[in-house]
Amino acid sequence: MPAALRWMPAAFLLAALCLTAWAHPARAAVLQLEGPRGPVQFNGAALAAHPQAREIDVPQDVSYGRAMRYRAVPLAVALRELGLSRADTLEVVATDGFVAQLPGALVLDGAAGGHSQPWLAIEPAQAPWPALPGKAQSAGPFYIVWPVAQGVSSEQWPYAVARLAVRAAPERRCPQIAVAPQLAADHPARRGQAVFITQCLVCHTLNGAGGATMGPDLNRPMNPTQYFQPQALRRLLRDPKSVRTWPAQAMPAFAPEQLSEAQIDELIAYLAHMAGRR
């Protein structure tokens, strides 16, 4: 048995959450986990058969834009193996280059019975989910969903999940995205930094920091506040295709319920501040 799996509970081993010769790896998706205890691989078919797995209803699925039903397990099943703390960040890496940064407090409070509980939906190999709106692919093979999404942003619903990892908070791990230490505690750029980490770092880098590969760096070689007029930058966030469009465009529109006017103000303040911190 691999050393990284020796500490796993016997029930997990018997449920075949690790890959084995009989787990049909060609048919079942694999979820990679990276935590303090070392790497672990979960087999999708076995996760779907886990004792805590069940059918769940998501009344308003952010990615599909409608009600959905999934076979899912509480995200807590994976969190137990990761050793995540409230001070940590759960980094969620997708197959398309999207990298979400979920605060440990957010996922752990929900996993402990909070109002907003995260679930890990598993796409059945024999009954794939429908394609996402405007895309050729579904949200599978794994998708973090929130049946009750109170306090959860639109970018905290990562789909096409390939890997979960325990990381330090982004601003600690990548100090080049942090605002100047001397900035006032109530400065809007400080709040904008939090908005950026949640809504923008999932697709973009800044000053070369971040793991996403879907969009360009937002401070190198130039900052958007230097080449967009303020109104155009706001319009880009609300409706990207109304500003510029091309076949491979992936940036979504952010409706007011996803990104408020106040948050846009804070985000622009952050970007303007970071233009002087390359």
Any side-chain donor-acceptor pair under 3.5 Å between [X] and [Y]?
{"X": "Asp61", "Y": "Tyr143", "answer": "yes"}
{"X": "Ser153", "Y": "Gln199", "answer": "yes"}
{"X": "Arg167", "Y": "Thr89", "answer": "no"}

Counterpart residues, ring pair (Phe, Tyr, Trp, His ring centres under 6.0 Å), relative to Tyr159 (two or more places apart): none

By ring pair (Phe, Tyr, Trp, His ring centres under 6.0 Å), Phe142 pairs with (sequence neighbours left out) none

Sequence neighbours left out, what pairs pass side chain to side chain donor-acceptor pair (under 3.5 Å) with at least one residue falling in residues 130-142? Glu123-Ser138

Who pairs with [X] by side chain to side chain donor-acceptor pair (under 3.5 Å), at least two apart in sequence or on another chain?
{"X": "Gln249", "value": "Thr245"}
{"X": "Asp239", "value": "none"}
{"X": "Arg278", "value": "Gln226"}
{"X": "Gln101", "value": "Glu91, Arg173"}

side-chain contact (heavy atoms from CB on, under 4.5 Å) involving [X] - partner list, sequence neighbours excluded:
{"X": "Pro188", "value": "Arg191, Glu266, Ala269"}
{"X": "Ala194", "value": "none"}
{"X": "Ala72", "value": "Ile56, Trp119, Ala121"}
{"X": "Glu257", "value": "Ala255"}

So, using salt bridge (Lys or Arg N to Asp or Glu O under 4.0 Å) as the criterion, who are the partners of Asp186 when residues are at least two apart? none

Is any side-chain N of the basic residue among Arg163 and Glu34 closer than 4.0 Å to the acidic one's carboxylate O? yes

